[in-house]
Amino acid sequence: MQMFQLTRKQMAGLLLSLAGQIDKTPLAVLREAWSRAHQIDIRDGKSLGAFMSTSLPPIFEKMIKMKQRGEGFSLTDIVAMGNQIEYTHFSVTSVQNWVKRDFKDWIGSPRLGKKYSIDQTAILFIIEDLKAALDFESIRKLLALVFNDPHSEADDLIRPLQLYSAYSSIFEDLDANNDQVLDLSGHESGMRNQDHMLENLIKHRADQFASTLTGLKEEQREAVSHMIFIATISVQTSYFQSLARRYWNAAVFLQNLN
């Protein structure tokens with residue numbers, strides 16, 4: 001059975017759908033994501049066979065049935081959702097530690113009875129991405145730059161789901177060929193170090209998005225831009241970490257097999 005996983009942009013779309021911020025239903029978002037991954041099967045008239053060989057996670061079945069707006073998630077739901085995002089690794093124990101200790105102030109208590117809101121879910125997904133590049137203390141300082149008072153949403157420079165959607169979209173736009181490595185063109189021949197080109201490209205896109213946010217001072221837009229830049233780089237880092245883990249597992253598992 002094939003796993004049905006989503007890109008971060010697709011997961012952001014799913015959360016936006018559940019929040020009622022886009023016109024698409026959760027089913028439509030998932031159908032679009034699945035279709036994108038099976039274009040050849042659909043073209044060749046093999047969509048039924050391809051879908052029957054796809055493992056539809058129980059959390060996706062649950063989300064398809066959810067009503068838009070107002071429904072929250074348990075930590076178990078959030079971990080299940082998180083593990084359907086490509087190149088992530090969530091565990092219930094880790095997320096419980098984040099909620100109860102490491103990021104308690106930033107996540108807060110469940111806002112919908114015993115369940116966490118969509119924005120709280122987005123914060124957990126953001127933390128998962130950032131930890132690929134930063135330690136927890138650095139992440140807390142970074143969250144403070146854009147969310148200010150952790151006990152109030154009124155002074156947020158950007159809502160968590162909006163932030164998650166922004167950097168997820170930028171990463172996917174900059175990875176047009178979907179090889180999980182950010183695309184870059186225009187290298188100058190004869191120059192040895194051209195790492196500034198990727199840095200400038202990502203920062204330009206982050207600045208572009210930040211400039212669309214109204215009601216912010218220039219330094220506040222710069223803070224949002226920095227957050228988006230760091231998160232985008234962290235997503236790239238998470239891919240290489242996942243790749244390294246896969247090869248480490250292969251090296252250990254296959255040792256002395258023959």
Side-chain angles (χ1 to χ4, degrees), residues 1-68 73 77-90 118 121-122 125 128-129 132 161 164-186 198 201-202 205 232 234-251 253-254 257:
M1 299 290 284
Q2 296 181 357
M3 294 181 63
F4 185 7
Q5 289 195 308
L6 304 181
T7 66
R8 285 163 176 78
K9 182 178 180 179
Q10 290 166 344
M11 178 57 76
L14 192 54
L15 294 179
L16 288 167
S17 171
L18 290 168
Q21 296 183 28
I22 59 175
D23 293 334
K24 295 178 182 177
T25 65
L27 175 59
V29 173
L30 289 170
R31 183 187 291 128
E32 187 177 281
W34 184 87
S35 298
R36 178 185 173 187
H38 294 84
Q39 295 179 17
I40 295 176
D41 293 317
I42 294 172
R43 183 197 65 192
D44 295 343
K46 299 178 181 179
S47 55
L48 176 60
F51 184 77
M52 295 301 291
S53 65
T54 301
S55 176
L56 187 64
I59 187 61
F60 284 174
E61 294 183 15
K62 180 176 181 177
M63 295 175 80
I64 289 172
K65 298 174 184 177
M66 289 176 68
K67 299 177 181 178
Q68 289 181 310
F73 302 102
D77 289 338
I78 293 172
V79 170
M81 290 167 57
N83 282 323
Q84 298 311 131
I85 303 171
E86 59 186 8
Y87 312 115
T88 59
H89 179 68
F90 284 83
I118 291 175
T121 301
F125 289 171
E128 166 66 17
D129 286 339
L161 179 54
Y164 184 66
S165 177
Y167 74 77
S168 298
S169 296
I170 288 174
F171 181 87
E172 199 157 315
D173 290 347
L174 295 180
D175 179 30
N177 60 2
N178 197 34
D179 65 353
Q180 310 310 315
V181 178
L182 296 174
D183 303 329
L184 191 62
S185 60
L198 181 59
L201 177 61
I202 299 172
R205 292 297 302 272
T232 303
S234 297
V235 173
Q236 179 69 94
T237 304
S238 69
Y239 165 70
F240 289 118
Q241 287 185 343
S242 175
L243 187 62
R245 282 196 300 268
R246 284 166 53 197
Y247 271 82
W248 182 89
N249 289 333
F253 186 85
L254 298 176
L257 187 62

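By convention here, the first residue in the shown sequence is residue 1. Below, each value reflects all heavy atoms present in this structure, side chains not excepted, and no hydrogens, waters or symmetry copies.
Every pair tested for salt bridge (Lys or Arg N to Asp or Glu O under 4.0 Å) that includes a residue from residues 12-21 fails, sequence neighbours excluded, so the list is empty. Counting only residues at least two apart or in different chains, salt bridge (Lys or Arg N to Asp or Glu O under 4.0 Å) contacts with residues 6-15 comprise Arg8-Asp129, Lys9-Asp173.
Residues passing the side-chain contact (heavy atoms from CB on, under 4.5 Å) test with Thr54, sequence neighbours excluded: Gln2, Phe4, Trp34, His38. In this structure Arg36 satisfies the salt bridge (Lys or Arg N to Asp or Glu O under 4.0 Å) test together with Glu172, sequence neighbours excluded. Every residue two or more places apart in sequence or in another chain was checked for a ring pair (Phe, Tyr, Trp, His ring centres under 6.0 Å) with Phe73, and none qualifies. By the side-chain contact (heavy atoms from CB on, under 4.5 Å) test, Glu32 is found to be paired with Lys24, residues two or more places apart in sequence or in another chain being considered. Listed by chain and residue number, nothing satisfies the salt bridge (Lys or Arg N to Asp or Glu O under 4.0 Å) test with Lys46 (two or more places apart in sequence, or in another chain). Remark: Ala37 pairs with no residue by the side-chain contact (heavy atoms from CB on, under 4.5 Å) rule, at least two apart or across chains. Among residues two or more places apart in sequence or in another chain, the side-chain contact (heavy atoms from CB on, under 4.5 Å) test is passed with Ala132 by Thr237, Ser238, Gln241.
Remark: Asp175 CG to Ile170 CD1 distance equals 13.5 Å, nearest 0.5 Å. Separating the CD atom in Gln236 from the OH atom in Tyr87 is a distance of 10.5 Å, to the nearest 0.5 Å. In this structure, the separation between CE on Met11 and CD on Gln84 is 7.0 Å, given to the nearest 0.5 Å. Taking CG from Leu14 and OG1 from Thr25, the interatomic distance works out to 9.5 Å, rounded to the nearest 0.5 Å. To the nearest 0.5 Å, atom CD1 of residue Ile59 and atom CG of residue Asn83 are 11.0 Å apart. Taken to the nearest 0.5 Å, the OG atom of Ser53 stands 9.5 Å off from the CZ atom of Phe51.
Considering all non-hydrogen atoms of both residues, Ile118 and Ala19 come closest at CD1-N, 3.5 Å. Nearest heavy-atom pair, Ile22 versus Gly13, reported as atom, atom and distance to 0.1 Å: CD1-O, 3.4 Å. Between Leu15 and Met81, the shortest heavy-atom contact is CD2-CE, 3.5 Å.
In this structure, the side chains of Leu161 and Gln21 come closer than 4.5 Å at one or more pairs of heavy atoms. The closest side-chain heavy-atom distance from Thr232 to Arg205 is not below 4.5 Å.
Taking the six-membered ring where tryptophan is involved, the planes of Tyr164 and Phe125 are tilted, since the angle between them lies from 30° to 60°.
Side chain of Gln10 to main chain of Leu30: no donor-acceptor pair is present (N/O by atom type, distance under 3.5 Å, no hydrogens or angles).
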